[in-house]
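Report on the following structure.
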Amino acid sequence: MDKIHDSVISKKELVLERIKALRKEIGKDLLIFSHFYQGEDIIRFADFVGDSLQLAHVASENKDVPFIVFCSVSFMAEMAKILCSKGQEVLAPAREARCPLAEMADIKDVEEIWKGLYASGGEFIPVVYVNSTAEIKAFCGKNGGTVCTSANAKKVFEWVFDKGKNILFFPDENLGRNTAHSLGIKDEDIKTWDPKEGRGLSDYRKSRVILWKGFCYVHTRFLSTQIERLKRAYDGLKVIVHPECPPEICAMSDLFGSTSFIKKTIEDAPSGSKWAVGTEWNFVKRLGLENPDKTVIPIFESRCNEMAQVTPDRLLGVLEGIVKGELIGRVTVSDEIADRARIALKRMLEIA
Ligand code: 13P
Ligand code: SF4
């Protein structure tokens with residue numbers, strides 16, 4: 001038993017050593033980006049670790065590096081491909097790891113609701129969550145819209161309202177509702193659109209915000225009973241959650257906000273404070289390790305299976321490919337889609 005255990009450990013160590021060596025060999029030709037939800041064995045090799053907004057900025061600012069290896073789900077790697085320059089290659093160790101939320105808005109359904117709203121005389125700007133396909137970002141670019149992340153959603157919503165328009169938001173209903181609530185918009189001015197129901201749009205025309213009926217399975221697993229139990233068990237416990245959580249969970253939490261907001265809040269909190277965190281487990285675990293003077297626990301150990309598809313073995317495979325001249329996990333986006341999606345993404349980066 002021990003022998004098996006030892007050989008597993010040494011295989012992992014070998015992989016990590018090999019990544020380190022190849023990282024050094026490729027040198028300045030390579031940047032490794034990692035989302036906060038990646039495990040420790042990926043993050044340790046990253047040049048940049050961040051949330052989706054931070055990584056979008058970094059991708060648009062590093063245009064001279066020939067290879068970007070993007071450790072995350074596919075929509076983020078595609079976003080980097082759209083924002084970087086034509087000659088750069090973006091490689092994704094788990095190219096097929098698609099965020100289920102991002103797949104919940106289909107371009108044909110989006111075009112249909114858009115046509116219906118236009119025909120009914122509605123005055124809307126389309127805003128898409130960064131967790132979406134490149135096609136939908138392109139649709140927003142083409143139709144005067146933009147993209148948002150959980151870190152800048154409020155500013156993006158304000159940008160639309162300042163123009164005197166209403167918002168068609170997809171695909172995460174909870175982020176849209178939580179953001180609208182934080183701007184004082186009441187539920188009676190918000191409507192949810194379920195593409196499966198496909199009914200008439202005339203009564204949607206006057207809504208301030210129309211929300212697509214999509215959700216993240218990782219962030220909708222937290223329950224009020226779990227929070228109540230933890231509050232009873234830990235005296236003085238504060239609860240902080242991501243805005244992809246349902247509004248009732250955000251409402252009963254002390255704070256809610258993006259991944260980088262959660263990180264900063266806990267880093268800035270007084271020593272000895274206690275936090276229950278409602279977001280992806282890998283990230284919560286690391287927050288605990290990085291803040292040993294505080295108690296940091298998950299509301300529930302909710303893991304993102306798609307983020308977890310990036311493994312050291314697969315990262316190694318991509319780096320070996322670069323050295324051999326093979327592009328493993330190569331991210332491609334057609335010029336037509338990329339040009340339009342870039343308009344929407346650049347608008348977002350200008351707003352926030
Ligand atoms: P951030 O925008 O906070 O990085 O989150 C992305 C995501 O996939 C959350 O589930
Ligand atoms: Fe998608 Fe949710 Fe995973 Fe984020 S945590 S990548 S929204 S499934």
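Source: prediction; values computed, not measured. Numbering of ligands and ligand atoms starts at 1, following listing order.
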N-O pairing of [X] and [Y] below 4.0 Å:
{"X": "E173", "Y": "R177", "value": "yes"}
{"X": "E96", "Y": "R314", "value": "yes"}
{"X": "K186", "Y": "D189", "value": "no"}
{"X": "E306", "Y": "R98", "value": "no"}
{"X": "D235", "Y": "K274", "value": "no"}
{"X": "R95", "Y": "E78", "value": "yes"}
{"X": "K324", "Y": "E320", "value": "no"}
{"X": "D313", "Y": "R18", "value": "no"}
{"X": "K12", "Y": "D41", "value": "yes"}

- Query: Taking heavy atoms and a distance under 4.0 Å, where does E244 meet ligand 2: side chain, backbone, both or neither?
  - Reply: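 Under 4.0 Å from ligand 2, E244 contributes side-chain atoms alone.
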May I ask you to identify the nearest protein heavy atom to [atom], giving residue, atom name and distance to one decimal place in Å?
{"atom": "atom 3 (O) of ligand 1", "answer": "T259 OG1, 2.4 Å"}
{"atom": "atom 4 (O) of ligand 1", "answer": "H35 NE2, 2.6 Å"}
{"atom": "atom 2 (O) of ligand 1", "answer": "S52 OG, 2.6 Å"}
{"atom": "atom 1 (Fe) of ligand 2", "answer": "C99 SG, 2.4 Å"}
{"atom": "atom 3 (Fe) of ligand 2", "answer": "C304 SG, 2.4 Å"}
{"atom": "atom 8 (O) of ligand 1", "answer": "N131 ND2, 3.0 Å"}

Do any heavy atoms of [X] fall under 4.0 Å from ligand 1?
{"X": "A151", "result": "no"}
{"X": "E280", "result": "no"}
{"X": "Y37", "result": "yes"}

- Query: Are any of the N or O atoms of H242 closer than 3.5 Å to those of ligand 1?
  - Reply: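 So ligand 1 has an N or O lying under 3.5 Å from an N or O of H242.
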- Message: Considering E244, Q54, K263 one by one, which has a heavy atom nearer to atom 9 (C) of ligand 1 than any of the others?
- Response: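 Checking each option, the heavy atom nearest atom 9 (C) of ligand 1 is found in E244.
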Quick one: which ligand 2 atoms are inside 4.0 Å of a heavy atom on [X]?
{"X": "N131", "result": "1 (Fe), 4 (Fe), 7 (S)"}
{"X": "Y37", "result": "5 (S)"}
{"X": "P100", "result": "8 (S)"}
{"X": "Y217", "result": "8 (S)"}

- Message: Could you check whether W193 and Y204 have their ring centres less than 6.0 Å apart?
- Response: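 Yes, they do, as the ring centres are separated by less than 6.0 Å.
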- Query: Yes or no on side-chain hydrogen bond (donor to acceptor under 3.5 Å, both in side chains) for T279 and H219, after CA distance, side-chain angles and deciding distance?
  - Reply: CA-CA 6 Å; T279 189; H219 289 91; 2.8 Å; yes
- Task: Assess whether atom NZ of K238 is packed by more than 12 heavy atoms of other residues, nucleotides or ligands within 6.0 Å.
- Result: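 Counting neighbours around NZ of K238, 12 or fewer heavy atoms of other residues, nucleotides or ligands fall under 6.0 Å, so no.
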- Below 4.0 angstrom from a heavy atom of H219, which ligand 1 atoms are there? Numbered from 1 as shown, please.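 Reading through ligand 1 atom by atom, the close ones are 10 (O).
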- Message: Can you name the atoms of ligand 1, numbered from 1 with element, that are less than 4.0 Å from a heavy atom of S150?
- Response: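 Heavy-atom distances to S150 below 4.0 Å select 1 (P), 2 (O), 3 (O).
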- Has F75 got any heavy atom lying under 4.0 angstrom from an atom of ligand 2?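 F75: no contact with ligand 2 (<4.0 Å).
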- Message: I'd like to know whether ligand 2 has H35 as a neighbour, heavy-atom separation below 4.0 Å.
- Response: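 Checking ligand 2 against H35, which is what was asked, there is no heavy-atom contact under 4.0 Å.
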- Query: With a cut-off of under 6.0 Å to the ring centre and 45° to the axis, is R340 in cation-pi contact with F139?
  - Reply: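 Relative to the ring axis of F139, which defines the angle, R340 lies outside at least one limit.
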- Query: With backbone taken as N, CA, C and O and side chain as the heavy atoms from C-beta onward, which portion of L53 lies under 4.0 Å from ligand 1: side chain, backbone, both, or neither?
  - Reply: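 Neither; nothing of L53 gets under 4.0 Å from ligand 1.
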- Query: Is atom 1 (Fe) of ligand 2 less than 2.8 Å from an N/O/S atom of C216, whether that atom is in the backbone or a side chain?
  - Reply: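 It does not: C216 brings no N, O or S atom closer than 2.8 Å to atom 1 (Fe) of ligand 2.
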